[in-house]
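Data block below; observations after.
All of these numbers come straight from a predicted model, not from anything done at the bench.
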Amino acid sequence: MKTNLESLLSDIREEKGSALFLFHGDDFQVHAAAQALLDALVPAENRSFNLERFDGRSASWDQIEAALMTPPFFPGTKLVWIENAPYFASPESKDEIGEKALKLLGEGRRDEAARVLLERLRLEGWTQERWERMEPRNSVREIAGLLGDAGKETLREIEALLEFCREQGLALKQRSGNEADRLAALAEQGLPPWGALLLTAAQVDRRMRQYKKVAEKGNVLDLAVERDRTGKLSREVLAQWLDRDLREAGKKSIDARAREMILARAGTDLRAFQQELAKLLLYVGDEPGITAKDVNAIFLDQGEGWIFDLTDALAARDAVATLNQLSRLMAQGDHPLKLLGPIAGKVRQLLQAREVIDGERRRWSKGMSYEQFQRSVLQDGAVSLPGHPYAAYLSFKSAENFAAEELARYLKLIYQADIRLKSSGNAPRIVMERLILEMCQR
């Protein structure tokens, strides 16, 4: 079993190894690896007859098996590619799949979120008939409950996602366990001499028999992208992609500040990050290096990562860092009124955390670890906190630096700044700098 794309492609060039492949993980990386495999197996001029692609959500195993057993029209390998392969998800992974759907939805990756949502409903026992009768507005609360988050903002996002599924005509087809068994049997007995089978999926359960059989007899690539606890792409992954693209583009240098700006502006979607890198390289053209000015001119701040940079600096009472963030955001065209909402939201989070810290039950103690926080503060559901639990934990740590009276006063200052920004005769930059300095003052 090969678990590395380069060694797998090397085996293909040497015409050895299994012709059964499963790629799973990040959608962008899965698609890139699948394209590389296709290029290695089937020449472009033969693909009209030697390539068959199926959507695993709707295609039956009979269709897939018939395609595999039919010899190719042209000499060479015939590749059957099953996208969104549904054979590796089990009822035990329902919660994990629900969390993934919410995460993708929060990141704005609607196509992927829709695919994972359908998988979650299928595991819950929904039928195509029930899916067709479903009215988004009436079903949104039930589906939110299945995904594990019924907050107002999430309800709106789920309703919009259901409308999107309806517009796209996405189908929910119940699968029989027999199909997974037939896949495992195919892996055991082997493919026809002309055939290659590629399965691609976002989510798999490694405990399932059919997954273990494919891993034993074929080649499985785990292409998940490493992320930090907030869901952002890890700095190491981003740096690897950045260095690779610069090397392939023949760029000899990049300013240290430009490099930091690129890493700081990355969001949660590797595909979007790659697109911004491509735009940047086109923008600099034949220039040998990349400067901070280039990045500032063309590289978008994805996923509104500035929100965390700005509010985290404020929560740390770091006036210099906060003012630097303000300067950068205003330089790229963000109006101060756009910044006030996240600032007010962060202050409300801190105030809510502070009220819990000061409460009668004393759930929080200074220096508490994340695991202790989960057991003490979140265990009985008595404390309702928005967002990811780890983000709430960081809010508690920051709230230690503030008194409740301070935070309440900051909300008044934000309200006053909002009025000044909407009034004529006030310089927006001065209004924001004054707000920041007052909030960071101890």
Side-chain angles (χ1 to χ4, degrees), residues 2-10 21-40 83 100 103-104 106-113 198 200-204 219-309 328 332:
K2 295 291 184 182
T3 57
N4 175 276
L5 181 61
E6 289 305 317
S7 61
L8 188 151
L9 295 176
S10 176
F21 309 93
L22 168 60
F23 298 167
H24 64 89
D26 177 76
D27 181 67
F28 177 68
Q29 295 217 100
V30 166
H31 190 272
Q35 190 61 49
L37 181 71
L38 174 59
D39 293 339
E83 300 176 88
K100 186 175 181 67
K103 182 173 179 295
L104 292 169
E107 294 169 0
R109 297 156 70 180
R110 193 167 52 175
D111 289 336
E112 295 174 69
L198 167 63
T200 56
Q203 195 84 15
V204 300
N219 306 282
V220 176
L221 292 187
D222 182 353
L223 298 168
V225 176
E226 184 182 348
R227 299 177 184 274
D228 62 23
R229 292 200 183 195
T230 66
K232 292 182 68 175
L233 296 167
S234 77
R235 185 181 178 87
E236 292 74 18
V237 168
L238 294 172
Q240 289 173 6
W241 279 85
L242 174 59
D243 292 340
R244 190 203 66 180
D245 282 16
L246 293 177
R247 185 169 56 253
E248 291 179 354
K251 299 304 175 188
K252 297 180 180 179
S253 65
I254 179 171
D255 292 353
R257 182 161 177 260
R259 184 183 181 83
E260 288 304 313
M261 288 172 67
I262 291 173
L263 297 179
R265 293 184 180 199
T268 58
D269 188 345
L270 187 56
R271 186 188 301 274
F273 177 71
Q274 186 72 14
Q275 289 171 344
E276 290 304 310
L277 282 180
K279 282 168 48 183
L280 176 62
L281 292 170
L282 284 173
Y283 176 79
V284 299
D286 295 331
E287 293 294 323
I290 296 174
T291 67
K293 186 177 180 181
D294 297 327
V295 177
N296 208 39
I298 201 70
F299 201 105
L300 292 180
D301 195 342
Q302 300 166 320
E304 297 193 329
W306 58 266
I307 292 176
F308 304 103
D309 297 333
R328 178 173 72 84
Q332 71 181 32

- Distance in Å, L223 CG paired with L5 CG, rounded so as to fall on 0.5 Å steps: 7.5 Å
- Taking only residues two or more places apart in sequence or in another chain, which ones pass side chain to side chain donor-acceptor pair (under 3.5 Å) with E6? none
- What's the spacing between I262 CD1 and L242 CG if we round to 0.5 Å? 5.0 Å
- Task: In sequence, state the C-alpha distance, the side-chain angles, and the governing distance for R244 and E248, and then conclude on side chain to side chain contact (heavy atoms under 4.5 Å, CB included).
- Result: CA-CA 6 Å; R244 190 203 66 180; E248 291 179 354; 3.8 Å; yes
- Message: So which atom in A292 and which in A258 form the shortest heavy-atom distance, rounded to 0.1 Å?
- Response: N-CB, 3.5 Å
- Here the pair of heavy atoms bringing Y283 nearest to A297 is OH-CB, 3.6 Å
- Item | Distance in Å, F21 CZ paired with T200 OG1, rounded so as to fall on 0.5 Å steps | 13.0 Å
- Query: Among V295, L246, D245, I254, which residue meets the side chain to side chain contact (heavy atoms under 4.5 Å, CB included) test with L280?
  - Reply: V295
- Atom CH2 of W241 and atom CG of L277: how far apart are they, to the nearest 0.5 Å? 9.5 Å
- Where do R259 and I290 land on the side chain to side chain contact (heavy atoms under 4.5 Å, CB included) test, with the steps shown first? CA-CA 9 Å; R259 184 183 181 83; I290 296 174; over 6 Å; no
- Sub-3.5 Å donor-acceptor pair from the side chain of K251 to the main-chain atoms of D243, do we have one? no
- Task: To the nearest 0.5 Å, tell me how far L38 CG sits from H31 NE2.
- Result: 9.0 Å
- Item | Reported CG-to-CG distance for the pair L221 and L8, which is rounded to 0.5 angstrom | 5.5 Å
- Minimum heavy-atom separation for A36 to L9, with atom names? O-CD2, 3.9 Å
- Note on the structure: Here the pair of heavy atoms bringing V30 nearest to A201 is CG2-O, 4.4 Å
- Query: Between D255 and K293, does a side chain to side chain contact (heavy atoms under 4.5 Å, CB included) hold up when you go through it step by step?
  - Reply: CA-CA 10 Å; D255 292 353; K293 186 177 180 181; over 6 Å; no
